[in-house]
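Position 1 is the first residue of the sequence; numbering continues from there.
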Amino acid sequence: MSSFDQRNERRHTNSVKWDSIATTYHKDDLLPLWVADMDFTAPPSVKQALLSYVEQGIYGYTLFGDDLYAAIINWQKKRHNYDIKKEDILFSPGVVPSIAVSIEAFTSKGDSVMIHDPVYPPFAQMVEENKRKLVRSPLKVVNGHFEMDFITMEAQMIKEDVKLFILCNPHNPGGRVWSKTELKQLGDLCKKHHCLVVSDEIHQDLIFAPYQHETFHNIDPSFADFSIVLTAATKTFNLAGIKNSMIFVKNPELKAAFTAVQAKSEQDTINTFGLIGTKAAYEGGETWLTELLDYLQKNSAFTIEFLQKNLPQVKIMPPEGTYLFWLDFSAYNLTDTALNKKMIDEAGVVLNGGFTFGPNGKQHMRLNIACPKSTLQQGLEQIARAFK
């Protein structure tokens, strides 16, 4: 039996994914297939590194060691053919805080910031919280997957004088792994209209063959002049709680602007567990990741087969990367409130409501398949019974 088949008890551990739903829905038996963390234990290399640190008993201030930088540089080169230097790497507690810093560093209040629709909800939240004008550019569904609408994007960039574009690559919630051609067209468009790019690549390692992640900086050497890349080991290795992410900045002017904003609130200060966990994951987690991707791909195939057989009215967007399914329930003609209520009251399953990802997410839901197959099967069967 694969270690990924093991059902780990996460209730009563202060898990957001498992414990917050009782407060929200006042039910203790709901099955959570929503928040984007995995129900799998972290790689042995990470657990051992953290245990060794805990056992030594002194938890003082920690340096950013050269071995940490080397682990990050080597991982990016080996996995993504991406060349970075120590001086290109900054740290942050998370990708979302880095997006907030980017908005403050590269734009002014009232400036327009563009995101796709649908897309990860904190993108819009950070734009609006920082008093910028939010511009949503709708994605098109073509042959069952999302594509960028470059004609509409350019018209919006011109009309709204967009200063910053936040890219989700790979895309959450649609699971698209954007191609070189698409990213080149996007980059050329942003370059033409003097629009900076923040590329959120936190799902960069969770890619299903034959697809391949393309780092935005690798598409064209000139793209590094007007863009930064955000990523972390946390999504790949199920380490969200250790709170560490990286910012890759090759343009010295962008780096200076970013670090100036970070310095105002010490947002470059990282939990020691984040530094140790990141290093251990990149140095010793590759075999675990290979096994994980195989397991997730099997869960993905199972989900597609199950839904096609048991819920043919639900339109599926099979992921090319990530562990997230974007499901279209519009055939049932339910409001978003009614759809969520049916999931909770009749199916006993918690998914992410699609409307939270933007107006184009209405009547959709996001399903997280990063759990033991038995958990996934239980959830899908409960959903199928509720909708039959």
Side-chain angles (χ1 to χ4, degrees), residues 33-37 95-96 99 103 112-129 132-157 160 162 164-179 182-183 186 189 197-204 206 211 230 235 300 303 307 313-340 343 350-370:
L33 298 174
W34 63 313
V35 171
D37 69 19
V95 164
V96 174
I99 289 172
I103 291 168
S112 294
V113 178
M114 178 180 285
I115 64 174
H116 279 139
D117 178 14
V119 78
Y120 182 48
F123 284 17
Q125 180 186 357
M126 291 301 98
V127 173
E128 294 178 330
E129 290 284 348
R132 273 56 170 179
K133 183 178 181 181
L134 179 64
V135 179
R136 295 182 186 267
S137 188
L139 292 168
K140 302 184 295 184
V141 179
V142 180
N143 297 323
H145 71 196
F146 282 131
E147 292 188 2
M148 301 185 206
D149 185 345
F150 292 108
I151 294 175
T152 299
M153 286 182 70
E154 182 164 26
Q156 290 175 300
M157 283 184 177
E160 303 291 349
V162 174
L164 182 70
F165 177 75
I166 307 172
L167 171 67
C168 198
N169 175 35
H171 181 258
N172 171 11
R176 266 308 312 275
V177 177
W178 303 114
S179 68
E182 290 168 308
L183 293 173
L186 172 66
L189 183 63
V197 176
V198 174
S199 184
D200 172 2
E201 303 186 9
I202 196 170
H203 286 98
Q204 65 177 180
L206 299 171
Y211 301 99
L230 313 179
K235 193 66 64 177
S300 178
T303 302
L307 291 174
Q313 288 181 281
V314 176
K315 296 177 184 176
I316 308 166
M317 191 171 284
E320 301 166 356
T322 81
Y323 45 74
L324 306 167
F325 267 72
W326 189 236
L327 305 176
D328 181 352
F329 286 84
S330 59
Y332 293 95
N333 199 29
L334 296 171
T335 65
D336 292 302
T337 300
L339 177 58
N340 190 61
M343 283 289 179
V350 184
L351 305 185
N352 288 97
F355 68 95
T356 64
F357 295 82
N360 278 355
K362 291 179 179 179
Q363 296 183 307
H364 289 69
M365 302 207 88
R366 191 189 73 175
L367 167 72
N368 178 350
I369 65 166

Taking the inter-plane angle between the rings of Y332 and F329 on a 0 to 90° scale, is it parallel (under 30°), tilted (30 to 60°) or perpendicular (over 60°)?
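Aromatic pair Y332/F329 classed tilted.
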Over 60° means perpendicular and under 30° means parallel, so tell me whether H203 and Y323 are parallel, tilted or perpendicular.
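Aromatic pair H203/Y323 classed perpendicular.
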Considering non-hydrogen atoms only, spot the tightest contact between M114 and M153 and give its length.
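Looks like CE-O, 3.7 Å.
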What distance do [X] atom [atom1] and [Y] atom [atom2] have between them, rounded to the nearest 0.5 Å?
X    : Y    : atom1 : atom2 : value
M148 : S179 : CE    : OG    : 8.0 Å
T356 : N340 : OG1   : CG    : 9.5 Å
L33  : L324 : CG    : CG    : 11.5 Å
N169 : H116 : CG    : NE2   : 10.5 Å
L351 : R366 : CG    : CZ    : 9.5 Å
L189 : M157 : CG    : CE    : 4.5 Å

Between the main-chain N or O of [Y] and the side-chain N or O of [X], is there a donor-acceptor pair closer than 3.5 Å?
X    : Y    : result
D328 : H364 : no
N368 : D37  : yes
R176 : F146 : yes
K235 : T322 : no

pair [X]-[Y]: side-chain heavy atoms closer than 4.5 Å:
X    : Y    : result
I166 : I103 : yes
D149 : I151 : yes
L230 : I202 : no
L186 : W178 : no

Counting heavy atoms not belonging to Y211, are there more than 12 under 6.0 Å from its OH?
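No.
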Taking ring pair (Phe, Tyr, Trp, His ring centres under 6.0 Å) as the test, write out the residues that go with F357, two or more places apart.
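Residues passing ring pair (Phe, Tyr, Trp, His ring centres under 6.0 Å) with F357: W326.
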Show your working on side chain to side chain contact (heavy atoms under 4.5 Å, CB included) between V113 and M126 and close with a plain yes or no.
CA-CA 10 Å; V113 178; M126 291 301 98; over 6 Å; no
Hey, are R136 and N360 close enough side-chain-wise for a donor-acceptor pair under 3.5 Å?
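Side chains of N360 and R136: no pair found under 3.5 Å.
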